[in-house]
Amino acid sequence: MEPAPRHDDPPSPPAHVAIIMDGNGRWARERHLPRIAGHKRGAETLRKVLIAAGELGIAYLTVYGFSSENWRRPADEVDELMSLLRHYLCSELAELHANGVRVRVIGDRGRLHKDIIALVEDAERQTQDNTVLHFTLALSYGSRHEIVEAVRRFAQQAATGDLDPENISEEDFTAHLSTAGIPDPDLVIRTSGEMRLSNFLLWQSAYAELVFTEKLWPDFCKQDLTDAISEFRQRERRYGATGV
Ligand code: IPE
Ligand code: IPE
Ligand code: MG
């Protein structure tokens, strides 16, 4: 049996923190650097935040790395982002694995380069039994696409007579999303002062607490994560019921 929590134990962290890592371009512009310099620094921030998340006892960390709409950016920037991703997956995997991090990638893989798909699959396979921290990277990800894909699968099953539409439950729907098996985020953080979800985890964030910070992603640090968690703790999560 778990020991009863003592009143002086530190409060437990939110189980699932999701982050919209925004502001790399502005960080670079402020320094008269090319946008890719901001993305590179952003990748370093992610490395540090993963360590911080482990130290804070967060069980699930999901980050928005590249949206389905980000394909609309100039080809040069997309290419540079893909190179950075390639480099990141190669250089970080050993350390993530050694630290017990399970890596998952969600999003439309069909649009990624073949070699990146291979790296993603390798990272997922190598780390599949790790349980210390569940790290999910959203790449070429868009929530609407994910939802439409789930609907398509239901429709196909209904068309072949394998599914009675009357029986579709919220749990079934959740199980058909790319985040199946991952609990809903408790806290969604967006950096850089933008206050929108930009097609990130729309279904899953139905009751997430949202925290927005002015910090640009390359400047985000462990203290900012701790501050966001403190703000989360001030919130009263009512899920539609009356307050205490
Ligand atoms: C977030 O930074 C990274 C990606 C979306 C790939 P941005 O590149 O959106 O930075 P800003 O918003 O232009 O500052
Ligand atoms: C959202 O940021 C996507 C990621 C952080 C990966 P964007 O910078 O692309 O979002 P918008 O265009 O400002 O909504
Ligand atoms: Mg942006």
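Both counts, for ligands and for their atoms, begin at 1 and track the order of listing. Source: prediction; values computed, not measured.
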Evaluation steps, salt bridge (charged side-chain N to carboxylate O under 4.0 Å, His left out), between E149 and R109: CA-CA 13 Å; E149 282 300 306; R109 281 185 201 196; over 6 Å; no

Considering only protein heavy atoms, which is closest to [atom], and at what distance to one decimal place?
{"atom": "atom 9 (O) of ligand 2", "result": "N70 ND2, 2.8 Å"}
{"atom": "atom 2 (O) of ligand 1", "result": "N24 N, 3.2 Å"}
{"atom": "atom 14 (O) of ligand 2", "result": "S198 OG, 2.6 Å"}
{"atom": "atom 5 (C) of ligand 2", "result": "M21 O, 3.3 Å"}
{"atom": "atom 8 (O) of ligand 2", "result": "D22 OD1, 3.2 Å"}
{"atom": "atom 10 (O) of ligand 1", "result": "G25 N, 2.9 Å"}

Heavy-atom contacts under 4.0 Å between [X] and ligand 1: side chain, backbone, both, or neither?
{"X": "H39", "answer": "side chain"}
{"X": "R29", "answer": "neither"}
{"X": "L216", "answer": "neither"}
{"X": "R73", "answer": "side chain"}

Plane angle bin for F154 and F173 - parallel if under 30°, tilted between 30 and 60°, otherwise perpendicular: parallel

More than 12 heavy atoms of other groups within 6.0 Å of R237 CZ: yes

As an exercise, identify every atom of ligand 2 less than 4.0 angstrom from a heavy atom of [X].
{"X": "R190", "answer": "1 (C), 2 (O), 7 (P), 10 (O), 11 (P), 13 (O), 14 (O)"}
{"X": "I20", "answer": "5 (C)"}
{"X": "R196", "answer": "11 (P), 13 (O), 14 (O)"}

For the Mg ion (ligand 3), the closest N/O/S atom belonging to D22: OD1

Contact with ligand 1 for G23, non-hydrogen, under 4.0 angstrom: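 Under 4.0 Å: yes for G23.
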
SB check E194 R26 (cutoff 4.0 Å):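 Yes, E194 and R26 are salt-bridged.
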
Side chain to side chain, D184 and Y207, heavy atoms closer than 4.5 Å: no

Any side-chain heavy-atom pair of V17 and Y60 under 4.5 Å: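 In short, these two side chains do not touch, never coming nearer than 4.5 Å.
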
W27, any N or O under 3.5 Å of ligand 1 N or O: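 No, since none of the N or O atoms of W27 sits under 3.5 Å from an N or O of ligand 1.
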
Verify atom 12 (O) of ligand 2: protein non-hydrogen atom under 4.0 angstrom away: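 Within 4.0 Å of atom 12 (O) of ligand 2, no protein heavy atoms are found.
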
Stepwise salt bridge (charged side-chain N to carboxylate O under 4.0 Å, His left out) check, R235 with E231: CA-CA 7 Å; R235 309 272 179 90; E231 191 173 335; 2.8 Å; yes

Minimum heavy-atom distance W217-G42, with the two atoms named: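 That would be NE1-O, 3.0 Å.
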
Nearest heavy atoms of S205 and F200, plus distance in Å: OG-O, 4.4 Å

Residue pair E92, R47: steps toward the salt bridge (charged side-chain N to carboxylate O under 4.0 Å, His left out) verdict: CA-CA 8 Å; E92 298 304 312; R47 191 170 180 276; 3.0 Å; yes

Geometric cation-pi criterion, R73 with W71: 6.0 Å, 45°: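 Output no; distance or angle outside limits.
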
Donor-acceptor side-chain pairing of Q204 and H16 below 3.5 angstrom: no

Ligand 2 to S67 polar contact by distance, N or O atoms, under 3.5 Å: no

Which segment of F66 sits under 4.0 Å of ligand 2 when only heavy atoms are counted: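 The part of F66 near ligand 2 is the backbone, not the side chain.
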
G65 neighbourhood, listing ligand 1 atoms whose heavy-atom distance to it stays under 4.0 Å: 6 (C)

Subset of ligand 1 atoms that lie under 4.0 Å from at least one heavy atom of R26: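 Ligand 1 atoms under the 4.0 Å threshold to R26: 11 (P), 12 (O), 14 (O).
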
Cluster link I19 to L187, ILVMFWY, side chain under 4.5 Å: yes

